[in-house]
Visitor: 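Questions regarding the structure given below will be posed in turn.
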Amino acid sequence: MDLFDVNGPLMNALRKLANIFLCNVMFCLLSLPVFTIGASLTALFTCMQAILANDEDDVIAKQFWRAFKQNFGQAAMLWLFCLAAFAFLGLYYMIVSRIGGMVGKLYLISFFMMCLLFLFGFQYLFPLQARYKNKVKYTIKNAWLLSIAAFPWTLLSIALVVGAVYLSFFMDPNGANTAVFLWGVLGFGIVAYLNSIIFQKAFKLIDPEKLEPERHTAPAEAIFIDEEHMPDDRS
């Protein structure tokens, strides 16, 4: 096979990399107002899941923008939920860090446990919003339930993010400027793409079509609640 065949593996990989680059740049630009970060994350995961499935549009920027607009309202509510959680954790830390002795250490342990618990569900919030049509409350519920049900994949996803941040900013503190540039060019997209590979394994636990293909609905005992596939008696 010709190495530079348009449909060959090399050109396919370069096409995916170019699309990840474009999505990464759009994510950074559309996240600048801060309150739009939720919609940007949702659009980013929408495109990464499409790229992974070879289902992206010819013009990936249009697909990103379409997902950004379609999910803006619910993604903004999810992001406000996250900001509220950040504020609570920050305030909690400010209070418990002033407590000394053994009691203070116990409170600090509880703070780190809450941070870890929040991170578990946060990993899935926007990928779920990108993949499924659902109410905000169900997306939040599903994110934390799925993080437990898919515990090994959750840990792997967290390790990927933590590892990427550590390699970028803490392994060589003098290279912070280079790290910021790399994240601005490809970092967010690459991490989201790799995480989408991991999340595919977790999503197999909750996809309605996988759970009950005859009726395309999740069974009553399933952890997953999907508004689009929900029977009338569960609305």
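Both backbone and side-chain heavy atoms feed into the values below; hydrogens, waters and symmetry mates do not.
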Visitor: Please check if Met26 and Val59 belong to a single hydrophobic cluster, counting links between Ile, Leu, Val, Met, Phe, Trp and Tyr side chain heavy atoms closer than 4.5 Å.
Guide: no
Visitor: Can you check side-chain hydrogen bond (donor to acceptor under 3.5 Å, both in side chains) on Ser196 and Gln49, steps first, answer last?
Guide: CA-CA 6 Å; Ser196 294; Gln49 291 172 10; 4.9 Å; no
Visitor: Would a 4.5 Å heavy-atom cut-off, applied to side chains only, mark Phe68 and Thr42 as touching?
Guide: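 They are not in contact (no side-chain heavy atoms under 4.5 Å apart), so the answer is no.
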Visitor: With side-chain contact (heavy atoms from CB on, under 4.5 Å) as the test, would you mind laying out the steps for Tyr92 and Ser110 before giving the verdict?
Guide: CA-CA 10 Å; Tyr92 186 83; Ser110 69; 2.7 Å; yes
Visitor: Quick one, Trp79 with Phe35, criterion ring-ring contact (aromatic ring centres under 6.0 Å, His included). Give me CA distance, side-chain angles, the key distance, then yes/no.
Guide: CA-CA 7 Å; Trp79 182 240; Phe35 69 89; over 10 Å; no
Visitor: Would you indicate whether the side-chain heavy atoms of Leu29 and Val25 approach each other to under 4.5 Å?
Guide: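 Of all side-chain heavy-atom pairs linking Leu29 with Val25, at least one is under 4.5 Å.
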Visitor: When the ring planes of Phe81 and Phe118 are compared, do they come out parallel, tilted or perpendicular, using 30° and 60° as the limits?
Guide: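 Because their plane-to-plane angle lies in the 30° to 60° range, the rings of Phe81 and Phe118 count as tilted.
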Visitor: Establish whether Ile95 and Val103 are linked, either directly or via other cluster members, by ILVMFWY side-chain heavy-atom contacts under 4.5 Å.
Guide: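 No, it is not one cluster - the side chains of Ile95 and Val103 are not joined through contacts under 4.5 Å.
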Visitor: Pair Tyr93, Phe111 - check ring-ring contact (aromatic ring centres under 6.0 Å, His included), show working.
Guide: CA-CA 7 Å; Tyr93 178 77; Phe111 166 75; 5.0 Å; yes
Visitor: Go through the steps to decide whether Phe27 and Leu41 satisfy the test side-chain contact (heavy atoms from CB on, under 4.5 Å), and finish with yes or no.
Guide: CA-CA 7 Å; Phe27 168 78; Leu41 275 171; 3.7 Å; yes
Visitor: Can you pull out every salt bridge (charged side-chain N to carboxylate O under 4.0 Å, His left out) where at least one residue sits in residues 14-26? Sequence neighbours excluded, please.
Guide: Arg15-Glu56
Visitor: Evaluate the side-chain contact (heavy atoms from CB on, under 4.5 Å) criterion for residues Thr36 and Phe72: first the C-alpha distance (whole Å), next the side-chain angles of each, then the deciding distance (0.1 Å), finally the verdict.
Guide: CA-CA 8 Å; Thr36 59; Phe72 186 85; 3.8 Å; yes
Visitor: Hey, is the main chain of Leu117 close enough, under 3.5 Å, to the side chain of Trp144 for a donor-acceptor pair?
Guide: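 Yes; judged by distance alone, with no hydrogens or angles, the pair exists.
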Visitor: Could you state the interatomic distance from CG (Asn71) to NZ (Lys69), rounded to the nearest 0.5 Å?
Guide: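 Result: 12.0 Å between the selected atoms.
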Visitor: So if you build clusters from Ile, Leu, Val, Met, Phe, Trp, Tyr with side-chain heavy-atom gaps below 4.5 Å, do Val34 and Phe126 land together?
Guide: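 Yes, one cluster joins them.
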Visitor: Testing the 3.5 Å rule here: is there a donor-acceptor pair between the side chains of Ser97 and Tyr107?
Guide: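 Per modelled atom types, Ser97 and Tyr107 side chains form no pair under 3.5 Å.
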Visitor: Should the heavy atoms of other residues, nucleotides or ligands under 6.0 Å from CE of Met114 be counted, would the total exceed 12?
Guide: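 Correct, the count exceeds 12.
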Visitor: Quick one: pull up NZ in Lys141 and CG in Leu128 and give me the separation to the nearest 0.5 Å.
Guide: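 If we round to the nearest 0.5 Å, Lys141:NZ and Leu128:CG are 13.5 Å apart.
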Visitor: Same cluster or not: Phe112 versus Tyr166, using hydrophobic residues (I, L, V, M, F, W, Y) connected whenever any side-chain heavy atoms lie under 4.5 Å apart?
Guide: yes
Visitor: Do other residues, nucleotides or ligands put more than 12 heavy atoms under 6.0 Å from the CZ atom of Phe86?
Guide: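 Yes, because the 6.0 Å sphere around CZ of Phe86 holds more than 12 heavy atoms from other groups.
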Visitor: Rounded to the nearest 0.5 Å, how far does CG of Leu44 lie from CG of Asn24?
Guide: 7.0 Å
Visitor: Determine the minimum heavy-atom distance between Ala143 and Gly121, stating which atoms define it.
Guide: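 So the minimum-distance heavy-atom pair works out to CB-O, 3.5 Å.
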Visitor: With heavy-atom distances below 4.5 Å as the criterion, would you say the side chains of Leu30 and Phe64 are in contact?
Guide: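 Touching, per the 4.5 Å side-chain cut-off.
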Visitor: When rounded to the nearest 0.5 angstrom, what is the spacing between OG1 in Thr154 and CG in Leu116?
Guide: 10.5 Å
Visitor: Are Phe169 and Leu182 in one and the same hydrophobic cluster, where Ile, Leu, Val, Met, Phe, Trp and Tyr link if side-chain heavy atoms are under 4.5 Å apart?
Guide: yes
Visitor: Taking atom types as modelled, find out whether Thr139 and Tyr124 have a side-chain donor-acceptor pair closer than 3.5 angstrom.
Guide: no
Visitor: Does the side chain of Asn195 come within less than 4.5 Å of Met48's, by heavy atoms?
Guide: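 No; the side chains remain at least 4.5 Å from each other.
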Visitor: Can you find a pair of side-chain heavy atoms, one from Asn54 and one from Asn12, that are under 4.5 Å apart?
Guide: yes
Visitor: Would you indicate whether the side-chain heavy atoms of Leu106 and Ile99 approach each other to under 4.5 Å?
Guide: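 Side-chain contact under 4.5 Å: no.
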Visitor: Working to the nearest 0.5 angstrom, can you tell me the gap between Asn19 CG and Cys47 SG?
Guide: 8.5 Å
Visitor: Students often mix this up, so state it plainly: with edges at 30° and 60°, are the rings of Phe199 and Phe203 parallel, tilted or perpendicular?
Guide: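 Ring orientation of Phe199 relative to Phe203: tilted.
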Visitor: To the nearest 0.5 angstrom, please state how far the CG atom of Leu125 sits from the CG atom of Asn142.
Guide: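 Result: 10.0 Å between the selected atoms.
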Visitor: If we only count heavy atoms from C-beta on, is the Tyr132 to Pro127 side-chain gap below 4.5 Å?
Guide: no
Visitor: Main chain of Asn134, side chain of Gln129: is a donor-acceptor contact present, judged purely on distance under 3.5 Å?
Guide: no
Visitor: I'd like to know whether Phe120 forms a side-chain contact (heavy atoms from CB on, under 4.5 Å) with Ile158, so could you lay out the CA-CA distance, the side-chain angles of the two residues, the decisive distance to 0.1 Å, and finally the verdict.
Guide: CA-CA 8 Å; Phe120 267 41; Ile158 293 175; 3.5 Å; yes
